[in-house]
Trainee: 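This structure is in structure tokens; I'll ask about it shortly.
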Protein chains: 2
Amino acid sequence: MDRAERLERLALLSEADATQTAMFQQAAAASYGLGITEMRALSILLRNGPQTAGALTRALHVTSGAVTGIVDRLVRRGLVSRAADPDDRRKVVVTVDLAALAASENAYAGIGEAFQELYAGYTDAELDFLERHLTASVEITARETARLHPRA
Amino acid sequence: MDRAERLERLALLSEADATQTAMFQQAAAASYGLGITEMRALSILLRNGPQTAGALTRALHVTSGAVTGIVDRLVRRGLVSRAADPDDRRKVVVTVDLAALAASENAYAGIGEAFQELYAGYTDAELDFLERHLTASVEITARETARLHPRA
DNA sequence: TGGAAGTATCTTAGTAACTAAGATACTTGC
DNA sequence: GCAAGTATCTTAGTTACTAAGATACTTCCA
């Protein structure tokens with residue numbers, strides 16, 4: 001098959017995967033009774049550790065007012081907690097309550113298993129390639145997202 | 001490296017990629033002055049061709065009332081048009097105006113180029129693997145999304 | 001053939017999550 | 001010690017959604 005043609009098909013597939021994945025995330029968030037932005041905030045807190053409201057503002061590309069509401073709602077559900085920063089009392093550090101999170105239903109269990117099953121059929125070399133590809137993809141996408149945000 | 005450990009890292013990376021990609025999509029939609037759901041509707045119309053409002057309702061997992069608003073806004077921007085189905089006059093078929101779309105700014109140009117550059121460094125075998133992987137991923141994700149939607 | 005049931009879309013009222021602007025509380029630098 | 005800067009929260013308004021139901025058309029069956 002022609003290489004240019006393959007690249008074209010890959011771009012389309014990649015776009016379809018992105019749309020489908022975003023819709024899954026929204027459905028998963030809804031199944032927890034959370035909004036998509038609250039879910040993203042949780043994801044960022046889990047991945048990058050406890051951080052201030054300001055850091056979440058920048059990571060989520062929303063206003064500080066929105067973050068106040070997001071953290072309020074997560075606190076009300078007992079999924080995160082706010083704590084004053086002893087070094088700078090203007091700051092508020094948000095921390096995920098891992099025990100509470102573990103105790104809640106896991107909407108990701110099904111898809112996680114399905115992907116583990118898919119990966120099981122891959123060779124070590126293929127897994128290695130996929131890891132390198134995803135790392136590059138995250139880097140590119142984060143950079144291009146920042147480019148689209150005038151305030152960034 | 002241990003295989004179980006690699007699978008664990010891959011799952012985390014995959015989640016990070018999904019979150020980042022969703023945020024890019026939202027930023028791209030906003031740069032067109034569109035909402036994320038309008039963008040998804042356009043994407044579905046482009047990928048699967050002209051279809052009825054009802055089909056969009058099912059594909060987007062939103063209510064029929066929401067689709068009315070989404071199509072209204074896209075029509076107002078001149079990006080799509082409504083047409084009566086001659087065979088069933090209850091139906092309204094929505095079609096993308098490709099010329100209008102091509103004439104608008106392309107927020108995807110930058111990321112598209114970045115990925116083409118990434119792909120340029122891949123072998124034919126790697127591209128082939130990626131295509132098979134994405135195809136499987138779209139299939140799994142669509143199935144798992146449907147599972148999370150009670151109305152589906 | 002005509003009426004009941006079903007289907008497709010749109011309308012309306014209400015809700016939730018966002019933005020923009022500005023208030024409050026604290027910190028830093030001169 | 002005061003002015004300017006920073007971090008978060010508050011308030012008012014907007015937007016895109018849902019739920020419920022109205023309208024218009026189609027299908028099925030006695």
Side-chain angles (χ1 to χ4, degrees), chain A residues 22-23 25-27 29-42 45 50-77 79-95 148-152, chain B residues 22-23 25-27 29-42 45 50-77 79-95 148-152:
Chain A
M23 289 183 53
Q25 290 186 316
Q26 194 151 331
S31 84
Y32 282 116
L34 295 178
I36 184 66
T37 316
E38 282 150 50
M39 203 69 169
R40 265 177 216 163
L42 271 182
L45 285 167
Q51 53 200 282
T52 65
L56 284 175
T57 297
R58 288 181 291 277
L60 293 168
H61 294 290
V62 295
T63 58
S64 65
V67 169
T68 300
I70 290 157
V71 175
D72 278 354
R73 294 188 293 271
L74 290 176
V75 166
R76 209 174 305 136
R77 293 229 195 300
L79 293 171
V80 309
S81 59
R82 272 192 252 243
D85 183 327
D87 296 335
D88 184 340
R89 290 197 297 172
R90 292 170 305 178
K91 294 186 180 173
V92 170
V93 178
V94 182
T95 309
L148 288 179
H149 278 284
R151 103 179 85 253
Chain B
M23 289 184 52
Q25 290 185 316
Q26 192 151 335
S31 85
Y32 281 116
L34 296 178
I36 184 65
T37 317
E38 282 149 52
M39 203 69 168
R40 267 179 215 160
L42 271 183
L45 286 167
Q51 52 200 285
T52 64
L56 284 176
T57 296
R58 287 180 293 276
L60 293 168
H61 294 290
V62 295
T63 58
S64 65
V67 168
T68 301
I70 289 158
V71 176
D72 278 355
R73 293 189 292 273
L74 290 175
V75 166
R76 209 172 305 136
R77 293 229 195 299
L79 293 172
V80 308
S81 58
R82 273 192 251 243
D85 183 328
D87 296 334
D88 184 341
R89 290 196 297 170
R90 293 169 305 176
K91 293 187 183 175
V92 171
V93 178
V94 181
T95 309
L148 289 179
H149 278 284
R151 105 180 82 255

Trainee: In whole Å, what is the span from the CG atom of B:Leu60 to the P atom of C:dA8?
Mentor: 16 Å
Trainee: List the atom of A:Val80, the atom of A:Leu45, and the distance in Å for their closest heavy-atom pair.
Mentor: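 Closest approach of A:Val80 to A:Leu45: CG1-CD1, 4.1 Å.
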Trainee: Rounded to whole Å, please give me the gap between CG in B:Asp72 and C1' in C:dT9.
Mentor: 11 Å
Trainee: Will you find, in the side chains of A:Arg40 and B:Gln26, an N or O donor that is under 3.5 Å from an N or O acceptor?
Mentor: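 A donor-acceptor contact under 3.5 Å links the two side chains.
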Trainee: Between protein and nucleic acid, restricted to nucleotides 15-17 of chain D and to nitrogen or oxygen atoms under 3.5 Å apart, what atom pairs and distances do you find?
Mentor:
from	atom 1	to	atom 2	distance (Å)
D:dC17	OP1	B:Thr37	OG1	2.4
D:dC17	OP2	B:Arg73	NH2	2.7

Trainee: Would you classify B:Thr52 as touching base, sugar-phosphate or nothing, given that sugar-phosphate means primed atoms plus P, OP1 and OP2, and contacts are heavy atoms under 4.0 Å?
Mentor: sugar-phosphate
Trainee: With nearest nucleotide decided by heavy atoms, which residue, A:Gly65 or B:Lys91, maps closer to the 5′ end of DNA chain C?
Mentor: B:Lys91
Trainee: What does A:Arg58 touch in the nucleic acid at a heavy-atom separation under 4.0 angstrom: a base, only the sugar-phosphate, or nothing?
Mentor: nothing
Trainee: Distance check needed: C:dA17 C1' versus A:Arg77 CZ, whole Å only.
Mentor: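 Going from CZ in A:Arg77 over to C1' in C:dA17 covers 13 Å.
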Trainee: Using a 4.5 Å cut-off on heavy atoms from C-beta on, say whether the side chain of A:Leu60 contacts that of A:Ile70.
Mentor: yes
Trainee: Each nucleotide in nucleotides 25-30 of chain C should get exactly one letter: B, S or -. Can you fill that in based on protein heavy atoms under 4.0 Å?
Mentor: -BS---
Trainee: Closest approach of A:Leu74 and A:Ala41, non-hydrogen atoms and distance?
Mentor: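 Taking A:Leu74 first and A:Ala41 second, the nearest heavy atoms are CD1-CB, 4.3 Å.
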